Engineer: 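One structure follows; several queries about it will come next.
Since this is a predicted model, take the numbers as computed values, not measurements. The chain is numbered in sequence order, starting from 1.
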Amino acid sequence: YAGRRSGWGRMYYADGSVYEGEWYDDQRSGKGILKLANENRYEGSWQSDMKNGDGKFFYPDKGQVYTGTWVDDIAKCGTLEDFEREGAPDPPVYPIPECTLESPKEVVHNAREALS
């Protein structure tokens, strides 16, 4: 792997975002955190330089967090919840309503299994 990132490291990008986490063969791979210039951040699994697997995407400006499963950088299955919404600088007008499914965790679990 001469000249290629592998192991733990930190990368500063020209757009102001920072990735801190695991690398393999010059790609983000394993666990890592990507903090964007606007303070939004993703914490979770990476594979082939893309969000893949379980993770959380925090929107501190809105006071929300998405927890779910990603496939090739696309959020496929998860939940969006209010997170410290009261202190957020630009929260949505309405809070996210409570989910009224009988078993929301089971629904998410079954959807995640379908992605496997």
Engineer: For the backbone of Arg112 and the side chain of Thr69, can you confirm whether one donor and one acceptor N or O come within less than 3.5 Å of each other?
Structural biologist: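 Looks like no, no N/O pair under 3.5 Å.
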
Engineer: Given Lys51, which of Val71, Asp73, Ile74 fulfils the side chain to side chain contact (heavy atoms under 4.5 Å, CB included) condition?
Structural biologist: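 Of all the options given, the one that passes is Asp73.
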
Engineer: Are Glu22 and Lys31 ion-paired here, with the side-chain N under 4.0 Å from a carboxylate O?
Structural biologist: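 Salt bridge: no.
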
Engineer: To the nearest 0.5 angstrom, please state how far the OH atom of Tyr24 sits from the OG atom of Ser6.
Structural biologist: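 Between atom OH of Tyr24 and atom OG of Ser6 there are 7.0 Å.
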
Engineer: Does atom NZ (Lys56) have a neighbourhood of more than 12 heavy atoms from anything else shown, all under 6.0 Å?
Structural biologist: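 Atom NZ in Lys56 is not packed in, count stays at 12 or less.
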
Engineer: When you group the ILVMFWY residues by side-chain heavy-atom contacts below 4.5 Å and let the links chain together, are Met11 and Trp8 in the same group?
Structural biologist: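 No.
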
Engineer: Salt-bridge test for Glu39 and Arg41: reply yes if a basic N is under 4.0 Å from a carboxylate O, no otherwise.
Structural biologist: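 No salt bridge links Glu39 with Arg41.
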
Engineer: Counting only N and O atoms by type, is there a donor-acceptor contact under 3.5 Å from the side chain of Arg85 to the main-chain atoms of Pro92?
Structural biologist: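 Yes.
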
Engineer: Closest approach of Pro89 and Pro91, non-hydrogen atoms and distance?
Structural biologist: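 Residues Pro89 and Pro91, closest heavy atoms: C-CD, 3.6 Å.
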
Engineer: What's the spacing between Tyr19 OH and Tyr12 OH if we round to 0.5 Å?
Structural biologist: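 If we round to the nearest 0.5 Å, Tyr19:OH and Tyr12:OH are 14.0 Å apart.
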
Engineer: Taking the side chain as every heavy atom from C-beta outward, state whether Asn40 and Pro60 have any pair of such atoms under 4.5 Å apart.
Structural biologist: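 Contact flag for Asn40/Pro60 side chains = yes.
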
Engineer: Going hydrophobic residue to hydrophobic residue with side-chain gaps under 4.5 angstrom, can you get from Leu80 over to Leu36?
Structural biologist: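 Same cluster: Leu80 reaches Leu36 through Ile, Leu, Val, Met, Phe, Trp or Tyr contacts under 4.5 Å.
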
Engineer: In Å, rounded to the nearest 0.5 Å, how long is the span from CG of Leu115 to NZ of Lys76?
Structural biologist: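 Here the rounded value is 7.0 Å.
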
Engineer: Ignoring hydrogens and geometry, is there a side-chain-to-backbone donor-acceptor pair from Asp82 to Pro95 under 3.5 Å?
Structural biologist: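 Answer holds: no.
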
Engineer: Just by distance, do the side chain of Asp61 and the backbone of Asp90 share a donor-acceptor pair under 3.5 Å?
Structural biologist: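 Not a single qualifying donor-acceptor pair exists.
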
Engineer: To the nearest 0.5 Å, what is the distance between CD (Glu43) and NZ (Lys35)?
Structural biologist: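 Going from CD on Glu43 over to NZ on Lys35, the span is 10.0 Å.
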
Engineer: Could you give all pairs that pass the ring-ring contact (aromatic ring centres under 6.0 Å, His included) test and reach residues 54-74, with sequence neighbours left out?
Structural biologist: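 Pairs touching residues 54-74 that pass the test: Tyr42-Trp70, Phe57-Tyr59, Phe58-Phe83, Tyr66-Trp70.
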
Engineer: In Å and rounded to the nearest 0.5 Å, what is the CG to CE distance from Asp72 to Met50?
Structural biologist: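 Rounded to the nearest 0.5 Å, the CG-CE separation comes out at 4.0 Å.
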
Engineer: Report yes or no: do Asn52 and Ser45 form a side-chain donor-acceptor pair below 3.5 Å?
Structural biologist: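 No, Ser45 and Asn52 have no side-chain donor paired with an acceptor closer than 3.5 Å.
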
Engineer: What are the two closest heavy atoms between Trp23 and Arg10, and how far apart are they?
Structural biologist: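 Heavy atoms of Trp23 and Arg10 come nearest at NE1-N, 4.4 Å.
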
Engineer: Just how far is it from atom CD of Gln47 to atom CD of Gln27, taken to the nearest 0.5 Å?
Structural biologist: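 Rounded to the nearest 0.5 Å, the CD-CD separation comes out at 9.5 Å.
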
Engineer: Over all heavy atoms of both residues, which pair between Cys77 and Val108 is shortest? Give the atoms and the distance, please.
Structural biologist: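 It is SG-O, 3.6 Å.
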
